[in-house]
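Only heavy atoms go into these numbers, but all of them, side chains included; no hydrogens, no water, no symmetry mates. Everything numeric in this text was worked out from a predicted model, so none of it was measured. Proteins come first, then strands; the chains are lettered A, B, ... in the order of their sequence lines, and each starts at number 1.
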Protein chains: 2
Amino acid sequence: MKKSLADRIEEYIKVLIARSEAQQIEIQRVELAETFSCVPSQVTYVIGTRFTEKAGYITESRRGGKGFIRISCCELDKEAAWESRQELFIFIDRLLEVESISQKEGEMLKHVISKSSKEMAPDQKSQFFDAFKYALADFLKK
Amino acid sequence: MKKSLADRIEEYIKVLIARSEAQQIEIQRVELAETFSCVPSQVTYVIGTRFTEKAGYITESRRGGKGFIRISCCELDKEAAWESRQELFIFIDRLLEVESISQKEGEMLKHVISKSSKEMAPDQKSQFFDAFKYALADFLKK
DNA sequence: ACCTCTTTGACCTTTCTTGACCTTAATACT
DNA sequence: AGTATTAAGGTCAAGAAAGGTCAAAGAGGT
């Protein structure tokens, strides 16, 4: 399949991100458009279709003078968060098994944990899950 | 990110505040403008857009001879977080009263809430407490 | 032919920068 | 004391410099 302009821009951005230190880049929309001799909205299109949250990216931008578009790849963070969550839930399951907490309590905990962390950024989630596990262990120790 | 003049002035002021003893500084608008070779109203702009109450700052000023602009970094966020926390705890107390949850469960919740949020930034705390309350209500509704 | 993804361009919104003009406070001069 | 001067800071609007939106037209595949 012949690569479309959108594909090439996508690739280009991914290389930039890969080369970056913090898995994050900042670009000027017009500059990138000039690089590929296309209209600026093409860049918007590429970002809107390929660098979505679902694909593991977060984008922010600012209009006006010295504006920019920031794209960060948060795949790693997301995975870390997922693992922390898993660990916490497994811990809760173990508490259930040894009957440190009741069935209802386990469900309640899982529910509030999932729901109250929904809006957090990936790395905040990790921290939260870890801290929660620690706090829970701490409470039951007494 | 290419920094705009406004960004640089913002940064500069923040450094000054950080270095200050009482999280508070007093500047001369013209002086600062001269430092950055810009018009004085640029300073007003920066203060008006970045050092807002919502962002946790309080500004006062005086015109005329010996005039000044005072910027203090206040703890609004912290207060907001405290209030969210209070609200959540009061909600939990109410659940205890109407026996939606047990004494032990109430204690457990309060414990894990306090402990797992310890390291969060103030505004994250607010969000977390609010979300937690919502999540808890949601769980018990079922 | 039809459907989906691309490409373009006209128009919109936000943010920043500058400058002319206004208000207030301290001080100097009658 | 009362007024004039001077030294601040405040307001507001215009213009420039980004990025955003949306819909129409184009391209490619089935």
* Validation row: B:Y45, B:R50 side chains within 4.5 angstrom (heavy atoms) ->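 Side chain of B:Y45 against side chain of B:R50, heavy atoms only: contact under 4.5 Å found.
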Nearest whole angstrom, please: distance from the [atom2] of [N] to the [atom1] of [X].
X: A:R70; N: D:dG19; atom1: CZ; atom2: P; answer: 13 Å
X: A:Y45; N: D:dA25; atom1: OH; atom2: C1'; answer: 14 Å
X: B:K3; N: C:dT15; atom1: NZ; atom2: C1'; answer: 18 Å
X: A:E34; N: D:dG19; atom1: CD; atom2: P; answer: 11 Å
X: B:Q42; N: D:dA17; atom1: CD; atom2: C1'; answer: 14 Å
X: A:I9; N: C:dT7; atom1: CD1; atom2: P; answer: 7 Å

* Asked: Does C:dT7 have OP1 or OP2 sitting under 4.0 Å from an N or O in the side chain of A:R8?
  ->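 No, because none of the side-chain N or O atoms of A:R8 sits under 4.0 Å from OP1 or OP2 of C:dT7.
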* To do: List the protein contact pattern of nucleotides 2-15 of chain D with one symbol per nucleotide (5' to 3'): B for base contact, S for sugar-phosphate-only contact, - for none; contact means a heavy-atom distance under 4.0 Å.
  => -----BBBBB----
* Could you tell me which residues satisfy side chain to side chain donor-acceptor pair (under 3.5 Å) with A:E107, sequence neighbours excluded, listed by chain and number? =>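 Not a single residue meets the side chain to side chain donor-acceptor pair (under 3.5 Å) criterion with A:E107.
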* Using a cut-off of 4.0 Å on non-hydrogen atoms, how would the nucleic acid contact of A:R50 be classed: base, sugar-phosphate, or nothing? ->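 Touches sugar-phosphate only.
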Under 3.5 Å donor-acceptor pairs involving side-chain atoms of residues 56-66 of chain B, not counting sequence neighbours:
from	atom 1	to	atom 2	distance (Å)
B:E60	OE1	B:R70	NH1	3.3
B:E60	OE2	B:R70	NH1	3.4
B:R62	NH2	B:K66	O	3.3

* Does B:R8 count as lying over the ring of B:Y12, i.e. NZ or CZ under 6.0 Å from the six-ring centre, within 45 degrees of the axis? ->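 Not flagged: B:R8 not positioned over aromatic ring of B:Y12.
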* To do: Salt-bridge test for A:E31 and B:K2: reply yes if a basic N is under 4.0 Å from a carboxylate O, no otherwise.
  =>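 Looking at A:E31 and B:K2, the cut-off is met.
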* A:L5 side-chain proximity, nearest of C:dG9, C:dT6, C:dT7 ->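 It is C:dT7.
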* Please report the closest heavy-atom contact between A:K115 and B:A135, naming both atoms and the distance. =>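 Reported closest heavy-atom pair: CB-CB, 3.4 Å.
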